[in-house]
Amino acid sequence: MTENIAAFEAIEWTAAGLRLLDQRRLPGEEVYLDLGDAAAVAVAIRDMVVRGAPAIGITAAYGVVLSVQQHLEQSPADWRMRVNRDIELLAAARPTAVNLVWALERMRKCLAAAGDEPVRELLEEAARLHREDISANRRMGVHGANLINKGDSVLTYCNAGSLATGGYGTALGVIRSAWDAGKLEKVFACETRPWLQGARLTAWELVRDDIPVTLITDNSAAFLMQGKQLQWVITGADRVAANGDVINKIGTYQLAVACRYHGVKMMVAAPLSTLDMAMPCGQQVTIEERPAAEVLSLAGHAVAAAGAAAWNPAFDVTPAALVDSLVTEEGVISAPDREKLGEFVGALGLAG
Ligand code: MRU
């Protein structure tokens with residue numbers, strides 16, 4: 001059984017504040033950073049110390065706890081106003097993942113209702129959110145694994161594992177669960193330029209779990225499919241719009257296009273906190289553009305000709321029509337579209 005969530009804590013509340021595993025240093029070094037205020041948390045999210053949609057939401061929630069601690073002590077007269085300002089700061093750290101604003105909205109509501117012990121109450125809410133995410137991933141893992149046949153091989157993209165979530169992972173949760181069920185023939189992972197989340201983080205997690213992983217360059221995926229070596233591509237999501245469009249790591253769209261051409265199935269595993277029913281379609285989502293330097297260099301070394309420009313969108317939009325299965329903790333939506341998604345959230349009492 002892959003019990004990876006006990007093996008490391010990428011996000012941990014300690015007596016010293018919020019402790020984050022610095023994901024920029026993996027797999028070479030396991031370095032932990034202790035953060036003491038919300039401003040430092042916003043910088044850590046922006047600079048990719050922690051990344052992955054659910055993980056940045058959970059981190060920001062703990063950031064609000066730090067903010068309450070700080071301002072209650074330093075500015076008792078107007079601490080709530082200062083905390084609300086920090087919430088805005090945290091929300092602006094990265095624009096695409098809806099989990100970030102979703103988690104902050106939960107913390108804002110908790111703050112509004114807080115009584116005599118706001119630090120304790122907000123810390124409990126952040127820890128609850130963290131626990132709920134792990135539990136959602138476990139359930140998603142089971143639902144996703146049920147779709148996979150014995151002997152299937154899968155390809156995953158970016159990192160949608162323990163590092164990207166509260167623990168266990170979304171896409172990697174499905175892969176862990178399917179592996180435990182003895183179903184998987186081979187697990188492939190794309191490197192995922194420019195940050196190499198696949199090579200550095202997904203491979204690190206799977207190797208630690210003793211799940212054999214074969215890394216491919218991003219431009220090998222279609223050839224792998226052409227050779228009939230693959231049955232599923234499984235990814236996470238940063239946001240799923242009301243019509244089922246999936247916003248995820250740049251390159252997900254081209255994988256989905258290649259999947260359809262080659263008859264490979266596309267599975268997206270995303271918790272309900274990633275569904276954005278207020279967003280009509282994927283084209284309206286703000287796609288983060290990151291610095292050109294991330295493309296022009298690799299591990300701090302220039303790899304491009306001096307003088308070349310670069311375009312560096314961090315995410316893309318996969319039309320719902322290219323997604324075969326959307327897996328959530330509450331079940332699977334096959335061939336998701338606006339109608340099916342509306343019915344699904346309506347049945348759960350989450351509509352609107
Ligand atoms: O830029 P990143 O590393 O934050 O991008 C992460 C992804 O695109 C993940 O696939 C997504 O957040 C889902 S994580 C469960």
Side-chain angles (χ1 to χ4, degrees), residues 4-5 10-11 20-24 26 44-60 93-103 130 132-134 136-141 144 155-176 189-202 204-205 218 233-240 246-256 266-276 282 285-291 294-295 312-318 323 326-329:
N4 134 297
I5 49 173
I11 307 167
L20 296 178
L21 174 56
D22 188 345
Q23 300 190 24
R24 299 168 304 183
L26 291 172
I45 292 172
R46 185 198 65 202
D47 291 353
M48 309 279 281
V49 170
V50 56
R51 28 63 53 204
I56 63 176
I58 294 161
T59 300
R94 291 191 78 188
T96 304
V98 75
N99 307 65
L100 181 60
V101 281
W102 173 88
H130 193 166
E132 284 173 7
D133 186 66
I134 298 171
N137 291 339
R138 289 272 177 189
R139 284 179 285 152
M140 236 182 293
L155 169 68
T156 189
Y157 194 62
C158 192
N159 171 266
S162 292
L163 291 165
T165 63
Y168 198 64
T170 57
L172 276 198
V174 171
I175 289 172
R176 287 189 162 103
C190 281
E191 286 180 311
T192 322
R193 273 283 286 151
W195 272 85
L196 297 175
Q197 289 95 330
R200 295 188 304 106
L201 309 178
T202 295
W204 184 76
E205 286 196 35
D218 300 335
V233 166
I234 309 178
T235 73
D238 278 74
R239 195 184 288 245
V240 178
V246 170
I247 295 84
N248 192 49
K249 178 53 52 196
I250 186 76
T252 303
Y253 171 47
Q254 65 189 26
L255 281 176
M266 178 81 192
M267 184 193 304
V268 175
L272 297 176
S273 56
T274 303
L275 301 192
D276 184 1
V285 174
T286 304
I287 300 293
E288 176 184 8
E289 278 199 35
R290 295 192 58 89
E294 293 178 355
V295 173
N312 188 15
F315 302 98
D316 61 24
V317 181
T318 299
V323 177
L326 176 61
V327 176
T328 77
E329 65 270 43

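Remember, it's 1-based here, ligands and their atoms both numbered in the order they're listed.
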In sequence, state the C-alpha distance, the side-chain angles, and the governing distance for Arg94 and Met48, and then conclude on side-chain contact (heavy atoms from CB on, under 4.5 Å). CA-CA 10 Å; Arg94 291 191 78 188; Met48 309 279 281; 3.4 Å; yes

Quick test: of every protein heavy atom, which one is nearest to [atom], and how far off is it to 0.1 Å?
| atom | value |
| --- | --- |
| atom 15 (C) of ligand 1 | Thr170 OG1, 3.1 Å |
| atom 10 (O) of ligand 1 | Asn248 OD1, 2.7 Å |
| atom 14 (S) of ligand 1 | Ala164 CB, 3.6 Å |

Are [X] and [Y] packed together at the side-chain level, in the sense that at least one heavy-atom pair is separated by less than 4.5 angstrom?
| X | Y | answer |
| --- | --- | --- |
| Asn248 | Thr318 | no |
| Val268 | Val327 | no |
| Val295 | Arg290 | no |
| Arg200 | Asn159 | no |

With nothing but distance in play, are any N or O atoms of [X] less than 3.5 Å from an N or O of ligand 1?
| X | value |
| --- | --- |
| Asn159 | no |
| Thr165 | no |
| Asp238 | yes |
| Gly52 | yes |

Tell me, with the steps shown, if Asp218 and Arg193 meet salt bridge (charged side-chain N to carboxylate O under 4.0 Å, His left out). CA-CA 7 Å; Asp218 300 335; Arg193 273 283 286 151; over 6 Å; no

Could you tell me whether the side chain of Glu294 and the main chain of Trp195 form a donor-acceptor pair under 3.5 Å? no

Given that the side chain starts at C-beta and the backbone is N, CA, C, O, which of these parts of [X] lies under 4.0 Å from ligand 1, counting heavy atoms, or is it both or neither?
| X | answer |
| --- | --- |
| Lys249 | both |
| Ala237 | backbone |
| Tyr157 | neither |

Atoms of ligand 1, numbered as shown, that sit under 4.0 Å from any heavy atom of [X]:
| X | result |
| --- | --- |
| Ala53 | 12 (O), 14 (S) |
| Ala160 | 14 (S), 15 (C) |
| Pro54 | 14 (S), 15 (C) |
| Gln197 | 1 (O), 2 (P), 3 (O) |

Looking at non-hydrogen atoms alone, which of Arg94, Met48, Arg290 comes nearest to atom 4 (O) of ligand 1? Arg94

Go through the side-chain N and O atoms of Gln197 and Arg51 and say whether any donor and acceptor fall under 3.5 Å apart. no

One should read off an interatomic distance between Thr96 OG1 and Asp238 CG, to the nearest 0.5 angstrom, of 6.5 Å

Evaluate the side-chain contact (heavy atoms from CB on, under 4.5 Å) criterion for residues Asn99 and Asp133: first the C-alpha distance (whole Å), next the side-chain angles of each, then the deciding distance (0.1 Å), finally the verdict. CA-CA 11 Å; Asn99 307 65; Asp133 186 66; 5.8 Å; no

Going by heavy atoms, is Trp195 under 4.0 Å from ligand 1? no

Are Ala314 and ligand 1 in contact, using a heavy-atom cut-off of under 4.0 Å? no

Give me the atom names and distance for the closest heavy-atom approach of Ala269 to Thr170. O-CB, 3.4 Å

